[in-house]
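So you know, we letter chains A, B, ... as the sequences are listed, proteins then strands, and number each from 1.
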Protein chains: 2
Amino acid sequence: MSKGRSKRVSLKDIANKLGVSTALVSYVLNGQEKEKRVGAEIVIKIRQALEEMNYVPNHIARSLRNGKTQTIGLIVTDIANPFFSSMARCIEDEAGKKGYTVIIGSSDENCNKSRRLVDTMLNRQVDGFIIVPADGCYDYATLIVNEGFPLVMVDRYIPELSTNYVVLDNFGASYDAVNYLISRGYKKIGMVAYKTNLIHMKERIRGYTEAVKNAGLGKRIWEIRYDHQKDDIKKMTQQFQDKNNVKNVDALFFATNTLTMAGLYRVNELKLQVPEEVAVIGFDGNEAFDFYSAPLTYVKQPGNEMGKEAIRILVEQIEGSGKISHISLAHQLILRNSC
Amino acid sequence: MSKGRSKRVSLKDIANKLGVSTALVSYVLNGQEKEKRVGAEIVIKIRQALEEMNYVPNHIARSLRNGKTQTIGLIVTDIANPFFSSMARCIEDEAGKKGYTVIIGSSDENCNKSRRLVDTMLNRQVDGFIIVPADGCYDYATLIVNEGFPLVMVDRYIPELSTNYVVLDNFGASYDAVNYLISRGYKKIGMVAYKTNLIHMKERIRGYTEAVKNAGLGKRIWEIRYDHQKDDIKKMTQQFQDKNNVKNVDALFFATNTLTMAGLYRVNELKLQVPEEVAVIGFDGNEAFDFYSAPLTYVKQPGNEMGKEAIRILVEQIEGSGKISHISLAHQLILRNSC
DNA sequence: CTGAAAGCGCTTACAG
DNA sequence: CTGAAAGCGCTTACAG
């Protein structure tokens with residue numbers, strides 16, 4: 001077992017050994033022996049040598065020459081968030097099958113971080129991007145598109161920017177969840193959302209609004225600030241508990257995974273019984289939901305499918321087909337005991 | 001807004017514009033103007049041009065020339081597992097600060113997948129590896145080390161392989177957890193572990209064994225097969241509930257995150273009360289633990305610190321210092337209501 | 001059908 | 001102090 005990095009065999013090594021030019025070896029390597037009309041017996045010899053000498057193409061050299069790196073940049077809100085980590089897992093697996101490698105970054109919904117991540121990835125010359133765009137900072141996404149890089153947005157999209165996206169049918173999911181609460185007899189239904197201009201949140205709010213309006217019920221919405229989550233959630237719980245407050249509720253619909261968790265922690269602190277004192281519908285499956293005192297009814301997003309579609313579309317774009325895809329996927333309402 | 005990828009400025013563009021050689025530009029770019037004794041006023045001119053023309057070095061070209069890619073390969077068991085996803089998050093952030101990019105893969109404790117991931121990463125010419133080694137397939141780890149690539153193993157290590165690692169003090173953590181159960185008066189303490197030769201599991205089992213032995217209690221261990229988890233957990237619950245079985249228990253200590261979850265699902269199905277009918281200590285923090293009917297007492301691993309240490313050591317190795325580090329971190333026992 | 005050669009964009013010994 | 005040039009390992013027009 002000798003230590004030290006052994007030098008890899010290059011195309012030239014193969015060519016020299018066989019006394020042919022590197023061009024021929026390259027053609028065979030890339031399956032162009034037909035188009036380039038390489039002699040039949042020489043093809044065989046080259047294949048053998050490639051095999052015997054254990055040749056592995058130098059990816060970097062190829063990238064420099066081709067301007068393609070077979071690498072994809074993925075920017076999510078936070079890879080430690082289970083919704084995104086399982087989506088990432090799925091994207092990596094699918095990308096791998098197609099010969100692509102993924103580099104991941106977490107933006108924390110922050111413009112500067114997003115920008116920096118895009119710069120790094122651009123610098124690394126990724127072939128395309130899958131991005132969960134953060135609120136209010138679309139310059140980098142626009143840049144990506146204007147520079148001609150393939151981009152697929154997931155989870156949310158930027159309406160002004162004409163490019164691909166794969167999202168949940170957010171309106172439908174929210175509408176359905178709230179209607180379910182209505183069908184269960186709840187009259188004072190509140191929604192806990194994020195304060196943001198992002199379309200997915202607007203859509204979820206629209207679904208809620210439409211549903212309560214159709215049922216002739218009052219609207220009770222809290223828009224939590226992403227970076228003052230704790231304070232705003234606290235204020236929210238004070239209001240919804242107060243029988244005299246217009247925002248007093250008998251049921252709560254949470255608009256995301258994180259909000260659901262934050263809300264439940266608070267509900268637990270206050271020792272409120274779910275669903276007796278307040279009914280709950282959550283967003284995104286999550287093991288914690290299963291173990292909640294009343295296993296949570298929730299809106300299940302098809303995270304894996306979202307990832308799969310995103311990578312499929314992106315690779316299509318990278319490798320040719322120009323047409324833009326807008327995909328919106330259906331949710332599933334998982335019924336359990338929290339309402 | 002013109003579409004289409006605009007050509008990036010190259011070193012040569014700068015050199016041509018200024019009428020100097022690329023060598024000088026390169027020296028200035030890399031802060032070698034002193035060593036290479038570049039003329040003072042030309043340095044200024046070059047700096048200006050670099051700035052003005054918005055020069056960004058071509059990473060690929062640099063990598064081809066240097067044989068360094070500023071990229072790190074990270075292989076975990078499953079990036080969708082919260083323990084690994086938060087560690088990965090931390091590794092990415094730290095790596096970014098040091099100018100490195102990370103590519104991640106999930107091995108699923110599977111040798112073939114691990115092997116394939118290492119091949120891909122080797123092919124991508126990563127500068128070093130952080131790996132959670134899978135059981136029984138150490139050839140690729142040995143290969144990495146023998147080829148002279150820096151490697152840091154995390155979570156577990158391979159005793160036969162002389163290289164860096166960062167792990168939990170698994171013996172200590174387990175010993176402590178079981179002693180806590182003993183101090184709470186439990187007499188029939190069972191441990192649920194994985195069937196594997198991996199050192200971290202052996203150490204956790206050893207901690208348990210030592211603790212029950214010292215207390216004069218009987219040993220009750222289940223070794224669950226990773227790929228028959230459900231069946232084995234089911235069998236386990238049948239045995240531990242049976243008062244006539246030698247493996248009947250009043251308390252259970254789970255050796256991992258996943259095992260804890262799988263065990264609790266089953267305990268819930270059987271409608272067993274925790275801690276009244278069976279006390280529980282889990283492993284790794286997890287939001288689900290917080291929401292369990294009895295918030296779980298658990299062994300908290302310093303996952304973030306593990307990630308930070310791993311990347312620190314790896315970068316040290318990549319950039320020079322040769323000495324091997326073995327780090328074992330302390331756990332924290334988080335006391336709550338499950339025992 | 002095949003080879004010699006240019007070039008992707010850098011870095012770095014070498015000569016002056 | 002500076003420039004010309006080689007070379008990292010590929011791919012691909014071009015000439016024959």
Quiz prompt | Note: A:Arg312-A:Glu316 ion pair, threshold 4.0 Å (strictly below) | solution = yes
Quiz item: Do the side chain of A:Asp78 and the main chain of A:Ser107 share a donor and acceptor less than 3.5 angstrom apart?
Solution: no
Exercise. Mind calculating the distance between CD (A:Glu35) and C1' (D:dT11) to the nearest angstrom?
Key: 14 Å
Quiz item: Is it true that A:Arg89 and A:Glu92 make a salt bridge, defined as a side-chain N closer than 4.0 Å to a carboxylate O?
Solution: no
Quiz item: Where each residue is assigned the nucleotide of DNA chain D containing its nearest heavy atom, which of B:Leu64 and B:Ile42 is assigned the position nearer the 5′ end?
Solution: B:Ile42
Exercise. Give a yes/no answer on whether the side chain of B:Ser10 brings an N or O atom under 4.0 Å of OP1 or OP2 in C:dG9.
Key: no
Practice problem: Name the nucleic acid region contacted by B:Ile60, choosing base, sugar-phosphate or nothing; use a 4.0 angstrom heavy-atom cut-off, strictly under. | Solution: nothing
Practice problem: Using only side-chain N and O atoms of A:Arg62, determine if any of them is under 4.0 Å from OP1 or OP2 of D:dT11. | Solution: yes
Self-check item: Length of the line joining A:Lys68:NZ and C:dC8:C1', which is rounded to integer Å
Solution: 14 Å
Quiz prompt | Spacing between A:His59 atom NE2 and C:dC8 atom P, to the nearest angstrom | solution = 20 Å
Self-check item: Integer-rounded Å distance: C:dC10 P and A:Gln125 CD
Solution: 9 Å
Quiz prompt | Candidates D:dA4, C:dA4, D:dC10 - which lies nearest the side chain of A:Ala61 | solution = D:dC10
Quiz item: Roughly how far apart are A:Ile42 CD1 and A:Leu24 CG, rounded to 0.5 Å?
Solution: 5.5 Å
Quiz item: Rounded to the nearest Å, what distance is computed from the CE atom of residue B:Met53 to the P atom of nucleotide C:dG9?
Solution: 13 Å
Quiz item: Regarding B:Asn110 and B:Arg116, is there a side-chain donor-to-acceptor distance under 3.5 Å anywhere?
Solution: no
Quiz item: According to the Watson-Crick and G-U wobble definition with distances under 3.5 Å, which dot-bracket string, read 5' to 3', encodes DNA chain C, using [ ] for crossing pairs and | for pairs with another strand?
Solution: |||.||||||||.|||
Atom pairs, protein N/O to nucleotides 12-16 of chain C N/O, distance under 3.5 Å:
residue: C:dT12; atom: O4'; partner: B:Arg65; partner atom: NH2; Å: 3.3
residue: C:dA13; atom: N6; partner: B:Tyr27; partner atom: OH; Å: 3.2

Quiz item: To the nearest angstrom, how far is B:Leu11 atom CG from C:dT11 atom C1'?
Solution: 9 Å
Exercise. Nearest whole angstrom, please: distance from the P of D:dG9 to the CZ of A:Arg8.
Key: 9 Å
Quiz item: Less than 4.0 Å between a side-chain N and a carboxylate O, is that true for B:Lys113 and B:Asp108?
Solution: yes
Self-check item: Separation of D:dG7 C1' from A:Lys12 NZ (nearest whole Å)
Solution: 8 Å
Quiz item: To the nearest 0.5 Å, what is the distance between CG (B:Asn146) and CG (B:Leu161)?
Solution: 7.5 Å
Quiz item: Looking at A:Lys45 and A:Glu33, does any basic side-chain N land under 4.0 Å from a carboxylate oxygen?
Solution: no
Quiz item: Taking all atoms of both residues into account, what is the closest heavy-atom pair of A:Asp13 and A:Met53, and its distance?
Solution: CB-CE, 4.4 Å
